[in-house]
Amino acid sequence: MKSSQQSPLFSSFKLGPYTLNNRIIMAPLTRSRASDEQVPQPMMLTYYEQRASAGLIISEASQVSAQGAGYANTPGIYNDEQIIAWKQITDAVHDKGGRIFLQLWHVGRISKPELQPNNATPVAPSAIKPAGDYITPRALELEEINSIINDFRLAAENAKKAGFDGVEIHAANGYLLDQFLRDSTNHRGDSYGGSIANRARLTLEVTKAVVEVWGSDKVGIRLSPINPFNDISDSNPEALFTYVIEQLNPLNLAYLHMVEMAMTPPIDDSPVFDVASLKKLYQGVYMANGGYNKTTAIDVIENEPVELVSFGELYIANLDLPARFRNNAPLNPVDESTKYGGNEKGYIDYPALV
Ligand SMILES: Cc1cc2nc3c(=O)[nH]c(=O)nc-3n(C[C@H](O)[C@H](O)[C@H](O)COP(=O)(O)O)c2cc1C
């Protein structure tokens, strides 16, 4: 019997122009340690540098514009100060032999006036309030949609200046692109709403704009077809995401990053389906995410059309996750109180293996 140390999980992998050292990927993790001006802080350099042994790091979600922010102290990628700070981080990861992509983010309606420039009302495909402590957003005018696409394009250019190896488009978890995809949040009557093709238009146009900047082999995209997080649902998610994947196939992206889980309980009686069908449909590199551990990651990589597996929670407290997996070492528990926001405690002080 093959020992788990020989699993392809630990073997190198050719991703676009890069050779990843292993297939253990650090999932994007918002940790809210940027400055009040949304600029990465020096402790973030240490945090990412510590995790450089991942096959690939996907950065925490980073807003493509000031309007794209929905939480305090998340980093941006829309001004020079942010680019300079990110460049120091990417240099540090590269010096350690790692690779790092930036996750491009616009939160849409998951924001508040106090987080918006000039206390503006957050924007969305339609004026539909999310459940919880949010206000009703303002529906984007048709003319504004081009400027959103342009914000993603400029942010992609900025990510290049900041030395990233590529970018991931955040089309998951109930944020702006997902809000356009789903018919619970998109009631538009123009070419960006209504039919599945219309609802998918913005995600695909953003993807094509970002591909123009980076080349398709350095762009990934993240989807979460069965995740109701941020109060999102769809009347037929299987048809919707089947269409999206059929449209993504010819783009030959670096990878499709699939959040296969629901992070919150289902909304009403909205339909659920088995995302395994999408995994088979996608023709390129498939990165699986959602509740994986070493055993289940080895299993899907060996037995399913899955090339890469990303880990979120495990990367918070285990900066040397590949070494821990390889050595069957115990995993550090996460300190829940320091997940989002705060200082270096519970951020860069988790112990490495000795
Ligand atoms: C603290 C925390 C922050 C997160 N931030 C992001 C984020 O910025 N972008 C994103 O796409 N997903 C984010 N996620 C979701 C994770 O990337 C991942 O999909 C989720 O934790 C499930 O994977 P896991 O079971 O390996 O943790 C976050 C999750 C956690 C726990």
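Remember, it's 1-based here, ligands and their atoms both numbered in the order they're listed.
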Should the ring pair Trp105 and Tyr71 be called parallel, tilted or perpendicular, given that the plane angle runs from 0 to 90° and is split at 30 and 60?
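Correct class here is parallel.
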With the threshold set at 4.0 Å, does a side-chain nitrogen-carboxylate oxygen contact exist between Lys345 and Asp335?
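Here Lys345 pairs with Asp335 in a salt bridge, since their nearest N and O are under 4.0 Å apart.
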Check this for me, if you would: do Arg153 and Glu205 make a salt bridge, where the nitrogen-to-carboxylate-oxygen distance has to be below 4.0 angstrom?
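Not counted as a salt bridge, because no side-chain N and carboxylate O are separated by less than 4.0 Å.
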For a quick check: using heavy atoms under 4.0 Å, what are the residues in contact with ligand 1, sorted by chain and number?
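Ligand 1 is contacted, at a heavy-atom distance under 4.0 Å, by Ala27, Pro28, Leu29, Thr30, Ala61, Gln103, His170, Asn173, Arg222, Met261, Met263, Asn289, Gly290, Gly291, Phe311, Gly312, Glu313, Tyr340.
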Pick from Tyr292, Phe311, Phe10: which one makes a ring pair (Phe, Tyr, Trp, His ring centres under 6.0 Å) with Phe325?
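Among the candidates, only Phe311 passes.
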Hey, could you give me each pair passing salt bridge (charged side-chain N to carboxylate O under 4.0 Å, His left out) that has a residue in residues 59-87? Not counting sequence neighbours.
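Every pair satisfying salt bridge (charged side-chain N to carboxylate O under 4.0 Å, His left out) with a residue in residues 59-87: Lys87-Asp91.
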Is any side-chain heavy atom of Lys294 less than 4.5 Å from a side-chain heavy atom of Arg324?
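A side-chain contact under 4.5 Å is absent here.
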